[in-house]
Amino acid sequence: MSVRVRFAPSPTGNVHIGNIRAAIFNWLFARHHENGRFLLRIEDTDRERSTPEAVKAILDAMEWLGINYDEAPLYQSTQHARHLEAAQQLLANGHAYKEDKGGTGQGECIIFRMPGTDMAFHDEVKGDLRKEAKDMKDFVIVRSDGSPVFHLANVVDDITQSITHIIRGDDHVENTFRHVALYQALGAPVPRYAHLPMIVNAQGKPYSKRDGAAYIGQFREMGFSPDALFNYLTLLGWSPGEDREKMTRAEIIAAFTLDRVKSAPAQMDLRKLSHMNGLYLAELPLDQFMNGVREFLTGLDWGRSLDETYFAAVCKLMQSRTPLYSQAETWNFFFIDPIPYDEKAVQKNLKKEGARTTLETLATLLTATDFSEAALQQALRQAETALGSGEGKLNQTLRVAVTGVTVGAGICETLHVLGKERSLTRLNHALTTFC
RNA sequence: GCGCCCAUCGUCUAUCGGUUAGGACAUUAGGUUUUCAUCCUAGUAAGCGGGGUUCGACUCCCCGUGGGCGCGCCA
């Protein structure tokens with residue numbers, strides 16, 4: 001029988017990074033197996049908290065990350081009758097009973113009767129797990145208002161969707177004993193289970209929005225590429241061995257097996273993610289990189305209508321040194337005039353002895369060039385000779401005068417992209433303003 | 001409190017009884033005709049503690065310690 005797995009989020013808000021990681025692992029497992037199926041189930045039973053917006057957030061997140069699903073999504077709310085039918089079946093065969101729990105007049109709820117024997121199951125990542133009968137209690141499966149509880153709905157839906165492997169977060173391990181008991185009482189084959197280690201923060205607590213980004217949308221806003229995030233998440237709690245990290249989807253799919261999933265919790269490291277993101281951005285075809293940057297720049301007033309050719313030149317220059325799309329925010333000096341000057345940079349590089357002479361010399365020499373990179377290089381060398389300064393010593397003064405900041409691509413490449421007119425205007429402006 | 005689970009550099013991890021314990025991020029020092037955020041080179045850095053088992057344990061077992069999860073008419 002071929003593998004059928006599912007991602008079963010409840011649409012109650014933003015899509016958490018831990019949830020999407022579970023989706024990724026399920027997806028990888030399905031794609032790794034021939035004819036494997038990856039299904040989506042929206043557990044929207046909680047009418048109070050479930051919203052259409054939240055459903056859309058889940059769909060968007062999956063699409064962004066390139067996690068496609070097979071078959072139509074199953075909305076749990078449509079399965080109500082089935083859930084209750086299962087409860088009736090359990091009632092009929094003695095696996096459940098009615099009771100007014102607490103007796104406060106809330107009415108009778110339906111309670112599942114645990115088998116009363118020790119239970120065990122094999123977890124694909126944690127090994128054999130067992131629990132004694134005395135440590136397991138009966139539990140409510142249908143509330144007194146007639147609504148099914150998570151455990152019942154979840155198991156019944158998994159039976160309906162013929163799920164063969166349940167791959168989910170570690171926080172569900174304890175529930176599994178109950179779920180196995182439900183399967184057995186319902187006369188359904190018990191699926192295989194695999195529990196994924198939690199993603200935690202520096203304190204070892206579940207990773208939350210307070211630890212930086214926790215929601216998938218936030219990562220997108222911060223400028224991460226979906227492929228990089230996908231690859232990085234894959235490495236949290238799993239490893240292909242052989243020191244491999246940056247891998248294509250096809251490679252990850254081929255290498256993915258549950259027996260290589262770790263059991264210990266993993267801590268999210270935004271710095272490593274950023275580094276990996278830089279690797280991904282650097283190898284993107286220029287037009288794709290431009291699209292990514294553009295999506296970002298539309299949020300900035302100077303980033304909306306850009307000259308395509310010029311924009312392409314800037315992107316080409318900056319691509320290899322861009323760890324995050326959001327970094328493009330600092331490229332403003334390429335596009336706006338007048339440019340803002342960094343106070344400290346001005347203080348250190350322009351308001352110093354000799355800066356005036358330096359800029360005057362450079363202005364004269366640069367005016368005489370055609371602003372090709374080679375010519376710019378040559379002009380710089382001439383300026384150094386004329387001023388008796390060492391190679392590269394003038395670079396920063398020139399850079400701050402023309403860009404307003406101390407960091408960026410090579411000075412000659414930058415000047416070339418900026419163009420002669422703009423560069424010289426700024427140079428002269430800096431000269432009269434700061435020196 | 002009770003039950004279950006987990007434990008290798010600061011972080012993510014490799015190792016499936018015998019290795020100088022490897023890689024990556026971060027960090028440090030250089031280099032890239034001394035911007036840096038790319039790139040290159042090198043360095044610092046780890047088996048929680050105590051008992052066993054074994055010729056030999058990071059690896060297997062037990063006990064501690066620390067951490068996580070669970071114990072809802074939440075999901």
Side-chain angles (χ1 to χ4, degrees), chain A residues 8-12 19 43-46 48-50 76 99-102 104 106-111 123 125-127 129-132 134-137 139-151 153-154 169-178 195 197-200 202-206 232 235-246 259-260 262-276 278-279 281-282 318-324 327 330 345 349 377 380-381 384 390-393 395-400 403 405-411 414:
Chain A
S10 43
T12 54
N19 280 109
E43 299 207 333
D44 56 348
T45 328
D46 189 339
E48 302 273 301
R49 293 193 291 162
S50 298
Q76 187 163 68
E99 188 182 302
D100 186 351
K101 219 180 162 193
T104 46
Q106 290 181 83
E108 290 189 318
C109 54
I110 303 177
I111 297 174
D123 190 286
V125 346
K126 306 176 90 70
L129 301 177
R130 56 185 60 254
K131 203 162 186 88
E132 291 181 45
K134 67 173 173 59
D135 294 319
M136 295 178 288
K137 294 191 297 189
F139 58 97
V140 174
I141 50 176
V142 178
R143 300 185 186 89
S144 49
D145 67 0
S147 62
V149 164
F150 163 75
H151 303 292
N154 188 261
D170 219 345
D171 48 340
H172 282 294
V173 183
E174 303 291 327
N175 287 335
T176 307
F177 295 98
R178 297 168 164 185
H195 288 94
M198 307 292 276
I199 296 177
V200 300
Q203 287 71 45
K205 304 282 186 192
Y232 177 75
L235 264 14
L236 247 34
W238 176 80
S239 143
E242 298 169 339
D243 297 333
R244 293 202 290 167
E245 292 199 331
K246 185 166 178 294
D259 63 330
R260 289 201 67 89
K262 274 197 54 145
S263 195
Q267 201 173 308
M268 183 91 185
D269 185 356
L270 252 14
R271 290 177 304 186
K272 183 157 181 170
L273 205 208
S274 297
H275 177 265
M276 182 169 272
L279 261 30
L281 295 194
M318 302 307 288
Q319 183 171 6
S320 73
R321 59 185 64 228
T322 304
L324 289 172
Q327 199 76 43
T330 65
N349 296 284
Q377 187 73 254
L380 267 169
R381 292 296 85 87
E384 283 155 1
E391 270 192 13
K393 292 286 187 191
N395 291 7
Q396 284 306 79
T397 305
L398 177 55
R399 181 188 296 280
V400 174
T403 71
V405 292
T406 56
V407 299
I411 186 64
T414 302

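Below, chain A is the first sequence line, B the second, and so on; all start at residue 1.
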*Could you give the distance separating B:U8 and B:G66 at their C1' atoms, to the nearest angstrom?*
16 Å
*How close or far is atom C1' of B:U15 from atom CH2 of A:Trp238, stated in whole angstroms?*
17 Å
Could you run down the sub-3.5 Å N/O contacts of the protein with nucleotides 5-9 of chain B?
residue : atom : partner  : partner atom : Å
B:C5    : O2'  : A:Lys126 : NZ           : 3.0

*For B:C2, which nucleotide is its Watson-Crick or G-U wobble mate, given both distances must be under 3.5 Å?*
B:G70
*Sugar-phosphate, base or nothing in reach of A:Pro206, heavy atoms under 4.0 Å*: sugar-phosphate
*Heavy atoms under 4.0 Å is the rule here; annotate nucleotides 32-47 of chain B 5' to 3' with B where the base is hit, S where only the sugar-phosphate is, and - elsewhere.*
-BBBBBSS--------
*asked:* Would you compute the distance between atom CD of A:Gln319 and atom CD of A:Gln327 and round it to the nearest 0.5 angstrom?
replied: 13.5 Å
*Write down the partner of B:A42 under the Watson-Crick or G-U wobble criteria, each distance required to be under 3.5 Å.*
B:U28
_If you define the side chain from C-beta out and look only at heavy atoms, does anything of A:Ser239 sit under 4.5 Å from A:Arg260?_
yes
*Within the pair A:Lys137 and B:G70, is there a side-chain N or O less than 4.0 Å away from OP1 or OP2?*
no
*Could you list the residues that satisfy salt bridge (charged side-chain N to carboxylate O under 4.0 Å, His left out) with A:Asp123, not counting sequence neighbours?*
none
_With sequence neighbours excluded, residues passing salt bridge (charged side-chain N to carboxylate O under 4.0 Å, His left out) with A:Arg130_ = none
*Counting only Watson-Crick or G-U wobble pairs whose two distances fall under 3.5 Å, which nucleotide matches B:A57?*
none
*What is the nucleic acid contact for A:His195, judged by heavy atoms within less than 4.0 Å: base, sugar-phosphate only, or nothing?*
nothing
*When rounded to the nearest 0.5 angstrom, what is the spacing between CG in A:Leu398 and CD1 in A:Ile411?*
4.5 Å
*Nearest-angstrom distance, P atom, B:G10 to B:U44*: 15 Å
*asked:* Holding to side chain to side chain donor-acceptor pair (under 3.5 Å), I want the full list of residues that pass it with A:Ser147, two or more places apart in sequence or in another chain.
replied: A:Arg143, A:Asp145
*Excluding sequence neighbours, so at least two apart, what forms side chain to side chain donor-acceptor pair (under 3.5 Å) with A:Glu245?*
A:Lys272
*Nearest-angstrom distance, C1' atom, B:G47 to B:U19*: 14 Å
*Examine B:G68: is either OP1 or OP2 under 4.0 Å from a nitrogen or oxygen in the side chain of A:Lys205? Give yes or no.*
yes
_Which nucleotide, if any, forms a Watson-Crick or G-U wobble pair with B:G49, using both distances under 3.5 Å?_
B:C63
*State which residues pass salt bridge (charged side-chain N to carboxylate O under 4.0 Å, His left out) with A:Glu132; sequence neighbours excluded, sorted by chain then number.*
none
*To the side chain of A:Asn175, which of B:A75, B:C12, B:A14 is closest?*
B:A75
*Measure the distance from NZ on A:Lys131 to P on B:C4 and round it to the nearest whole Å.*
6 Å
_Length of the line joining A:Arg178:CZ and B:G3:P, which is rounded to integer Å_ = 17 Å
*Taking atom P of B:G1 as reference, at what distance in whole Å does atom CG of A:Asp135 sit?*
16 Å
*Rounded to whole angstrom, note down the C1' distance from B:U13 over to B:G18.*
23 Å
*How far, in whole Å, is B:A46 from B:U11 if one measures between their P atoms?*
12 Å
*When you measure from the side chain of A:Cys109, which nucleotide among B:C71, B:U11, B:C73 comes out closest?*
B:C73
Close N or O pairs between protein and nucleotides 60-65 of chain B (under 3.5 Å):
none

*Is any side-chain N or O of A:Glu245 under 3.5 Å from a base N or O of B:G23, one able to act as donor and the other as acceptor?*
yes
*CG/A:Leu235 to CG/A:Asp269 distance, rounded to the nearest 0.5 angstrom?*
11.5 Å
*Set of residues satisfying salt bridge (charged side-chain N to carboxylate O under 4.0 Å, His left out) with respect to A:Arg381, sequence neighbours excluded*: A:Glu384
*Any side-chain heavy atom of A:Thr45 sitting closer than 4.5 Å to one from A:Ser50?*
no
*Given B:C25, B:A75, B:C73, which nucleotide is nearest the side-chain atoms of A:Arg271?*
B:C25
*P spacing across the pair B:G50 / B:A14, given as an integer number of angstrom*: 25 Å
_Residue met sooner reading RNA chain B from 5', once A:Ser239 and A:Glu43 are mapped to nucleotides_ = A:Ser239
*State which residues pass side chain to side chain donor-acceptor pair (under 3.5 Å) with A:Lys246; sequence neighbours excluded, sorted by chain then number.*
A:Glu283
*Can you check the A:Met198 CE to B:C69 C1' distance for me, whole Å?*
7 Å
*Let me know, please, whether A:Leu235 or A:Gly204 comes out on the 5' side of the other along RNA chain B by nearest nucleotide.*
A:Leu235
_Both distances below 3.5 Å, Watson-Crick or wobble geometry, any strand: find the nucleotide opposite B:U20._
none
*If you measure from the C1' atom in B:A37 to the same atom in B:A7, how many Å do you get, rounded?*
36 Å
*If only atom types and distance count, is the side chain of A:Asp44 paired as donor or acceptor with the main-chain N or O of A:Gln76 below 3.5 Å?*
yes
*Using the P atom in both, what is the distance from B:A57 to B:G49, to the nearest Å?*
15 Å
*Can you check the A:His151 NE2 to B:G70 C1' distance for me, whole Å?*
10 Å
*asked:* From C-beta outward on A:Arg143, which listed nucleotide comes closest to its side chain: B:G23, B:A14, B:A75?
replied: B:A75
*side chain to side chain donor-acceptor pair (under 3.5 Å) involving A:Asn175 - partner list, sequence neighbours excluded*: A:His172
*Rounded off to whole Å, could you give me the CE-to-P distance for the A:Met268 and B:U11 pair?*
16 Å
*Whole-Å gap separating C1' (B:G72) and CD1 (A:Ile111)*: 12 Å
*Can a side chain N or O of A:Arg260 be found less than 4.0 Å away from OP1 or OP2 on B:U15?*
yes
*asked:* According to ring pair (Phe, Tyr, Trp, His ring centres under 6.0 Å), who are the partners of A:Phe139, at least two apart in sequence or on a separate chain?
replied: A:Phe112, A:His151
